[in-house]
Participant: 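Below is the structure I would like to discuss, written out as structure tokens.
Residue numbers run from 1 in the order of the sequence given.
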Amino acid sequence: MEATNSTPAGHDPVVDVLLAGMVFLDIVFTDMHAPCPGHEVWAGGMGSSPGGIANLATATARLDLSTCLVAAFSDDGYGRWCRDILQRQERVDLSRSRTFSDWHSPVTVSLSYDGDRAMVTHGHDSPVPLAEMLGTPPGARAVIAELQAEPWWLGARDAGALVFADVGWDPTEVWDRSVLDRLDGCHAFTPNEVEAMAYTRTDSPPAALAALAERVPLAVVTLGARGAIAVDQTTGEQAGVTALDVPAIDPTGAGDVFAAALVAGTLDAWPLADRLKFAALAASLAVQQFGGGLAAPGWGDIADWWARTMQRADAGSAADAALARDYGFLPGVLSRHEGRAVRRAEATIAQLADV
């Protein structure tokens with residue numbers, strides 16, 4: 001099995017975010033009813049995009065965070081397309097990634113119906129461990145990693161990167177508390193409420209948050225459609241945010257968008273309440289589109305939302321006037337990204353709306 005680097009290796013600059021994991025080709029079907037054996041179902045919407053860890057890489061890059069991704073790519077058509085989208089279109093640094101022959105791209109088909117989704121996936125483990133591909137990590141301000149996965153991020157943590165940790169669903173539902181021991185040295189932990197209560201053996205999200213705040217400087221518990229709550233021990237802040245009421249088309253990648261926005265606000269030292277509001281806004285913009293990472297909003301999309309909100313507020317909308325007050329910090333943030341704003345891609349044969 002032959003492997004090649006995706007881009008020529010050279011001197012590694014400091015990057016904002018370092019990521020590693022599996023890239024999937026995601027094919028998403030929406031606006032459909034549940035399939036049943038022996039019947040063909042037509043979907044009203046369909047999109048394709050790089051998925052898996054690519055959702056997170058796209059989300060961070062769209063927010064103007066320089067992003068380095070370590071991943072295996074196949075040299076098949078799917079792999080070449082995913083690599084091209086990430087490298088050329090999303091400007092993700094793939095210098096630590098490698099391309100393999102005789103190994104095919106992992107594929108996930110996501111079916112969105114009845115307010116939820118079902119997924120079918122096929123793939124094989126990476127031919128080479130992530131830590132081997134990474135080698136000595138480049139300088140990074142932040143790392144986003146999953147606790148149960150290969151601990152490729154330890155070197156970056158030891159070199160000073162802030163580690164934003166998450167967990168995946170435990171299919172055994174044992175919720176082994178020793179998983180939380182891996183938070184040692186992590187800066188943030190962002191589980192959802194079910195995971196947080198299960199791992200901490202508590203019976204409410206606030207109680208789970210209090211328990212997690214004893215383990216990491218920044219503890220965040222996401223509450224789905226109800227928003228999120230958080231404690232930042234480094235600043236002494238506590239905050240909560242209500243999710244924006246929007247029509248959701250596809251939740252694929254919304255958690256990654258929330259995490260990317262949280263990292264962006266933390267690296268810029270925003271107040272905790274503003275970080276949570278921004279993360280909730282970014283996630284709400286993502287779920288109104290389909291295509292996973294390619295639905296992740298860029299600064300152009302956020303500027304568009306702010307302009308629409310202000311227009312409706314000026315026209316007398318009380319709800320939008322309240323949003324304008326809650327998000328009054330946005331104009332100052334947007335001004336710092338003028339000239340570099342991107343907007344979301346179309347999720348099929350992805351192309352950026354503008355650069």
Participant: If you take all heavy atoms of A260 and L65, which pair is closest and at what distance?
Facilitator: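 For A260 and L65, the tightest heavy-atom pair comes out as O-CD1, 4.2 Å.
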Participant: Given side chains that start at C-beta, do those of Y113 and L111 come closer than 4.5 Å, heavy atoms only?
Facilitator: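 Counting from C-beta outward, Y113 and L111 do come under 4.5 Å.
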Participant: Do V231 and L218 make a side-chain contact, defined as non-hydrogen atoms from C-beta onward lying under 4.5 Å apart?
Facilitator: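 They are not in side-chain contact.
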Participant: Using modelled atom types only, decide if a donor and an acceptor are shared between the side chain of D158 and the backbone of G155 within a distance under 3.5 Å.
Facilitator: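 The answer is no, because no donor-acceptor pair under 3.5 Å joins these two groups.
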Participant: Are there over 12 heavy-atom neighbours, none belonging to D245, within less than 6.0 Å of that residue's CG?
Facilitator: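 Not more than 12 within 6.0 Å, no.
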Participant: Within the 4.5 Å heavy-atom criterion, are L244 and L281 side-chain neighbours or not?
Facilitator: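 L244 vs L281: side chains touch.
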Participant: Might you point out which heavy atoms bring P297 and V257 nearest each other, and give the distance in Å?
Facilitator: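 Shortest heavy-atom separation between P297 and V257 comes out as CD-CG1, 3.8 Å.
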Participant: Check L180 against Y199 and note the closest heavy-atom contact, atom names and distance.
Facilitator: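 Of all heavy-atom pairs spanning L180 and Y199, the closest is CD1-O, 3.7 Å.
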Participant: Checking side-chain hydrogen bond (donor to acceptor under 3.5 Å, both in side chains) for the pair R226/T242: CA distance, chi angles, key distance, verdict?
Facilitator: CA-CA 6 Å; R226 303 196 316 282; T242 302; over 6 Å; no
Participant: If the test is side chain to side chain contact (heavy atoms under 4.5 Å, CB included), which one of V167, V220, V221 qualifies with F189?
Facilitator: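 Filter result, single survivor: V167.
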Participant: I'd like to check M32 versus S112 (side-chain heavy atoms, cut-off strictly below 4.5 Å). Are they in contact?
Facilitator: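 Not in contact.
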Participant: Under 3.5 Å, is there a donor-acceptor pair between the D76 and H104 side chains?
Facilitator: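 The criterion, which ignores hydrogens and geometry beyond distance, is not satisfied for H104 and D76.
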Participant: Just verifying a value: how many Å separate R141 CZ and T266 OG1, rounded to the nearest 0.5 Å?
Facilitator: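 It comes to 10.5 Å.
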Participant: Can R215 and D181 be counted as an ion pair, charged N to O under 4.0 angstrom?
Facilitator: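 Result for this pair is yes, salt bridge flagged.
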Participant: Are L285 and Q288 close enough that some pair of their side-chain heavy atoms sits under 4.5 Å apart?
Facilitator: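 With C-beta onward as the side chain, the pair touches.
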Participant: For H33, check ring pair (Phe, Tyr, Trp, His ring centres under 6.0 Å) against everything at least two apart and list the hits.
Facilitator: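 With sequence neighbours excluded, H33 shows a ring pair (Phe, Tyr, Trp, His ring centres under 6.0 Å) to no residue whatsoever.
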Participant: Can you confirm whether P106 sits close enough to T121 that some side-chain heavy atom of one is under 4.5 Å from a side-chain heavy atom of the other?
Facilitator: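 P106 does not reach T121 side chain to side chain.
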Participant: Picking from D16, L94, L86, L19, what satisfies side chain to side chain contact (heavy atoms under 4.5 Å, CB included) with T67?
Facilitator: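 Going through the options one by one, the only one that passes is L19.
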Participant: Taking only residues two or more places apart in sequence, or in another chain, which ones meet Y327 in a ring pair (Phe, Tyr, Trp, His ring centres under 6.0 Å)?
Facilitator: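 Partners of Y327 under the ring pair (Phe, Tyr, Trp, His ring centres under 6.0 Å) test: W305, F329.
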Participant: How close do M22 and S126 get, heavy atom to heavy atom, and via which atoms?
Facilitator: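 Reported closest heavy-atom pair: CE-N, 3.7 Å.
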Participant: Would you say the side chain of E40 lies within less than 4.5 Å of the side chain of W42, judging by non-hydrogen atoms?
Facilitator: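 W42 reaches E40 side chain to side chain.
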Participant: Tell me if the aromatic rings of W306 and W299 count as close, with their centers under 6.0 Å from one another.
Facilitator: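 For W306 and W299, the ring centres are not under 6.0 Å apart.
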Participant: Which value, rounded to the nearest 0.5 Å, describes the distance between I144 atom CD1 and L18 atom CG?
Facilitator: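 I144 CD1 to L18 CG: 10.0 Å, rounded to 0.5 Å.
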Participant: Does any part of the side chain of W81, heavy atoms only, come nearer than 4.5 Å to the side chain of P50, both counted from C-beta?
Facilitator: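 In contact.
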Participant: Salt bridge or not for R275 and D268, using N-O below 4.0 Å?
Facilitator: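 No, no charged N to carboxylate O under 4.0 Å.
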Participant: Count I, L, V, M, F, W, Y as connected when their side-chain heavy atoms are under 4.5 Å apart, and connections chain through other members. Are L183 and M197 then in the same cluster?
Facilitator: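 No.
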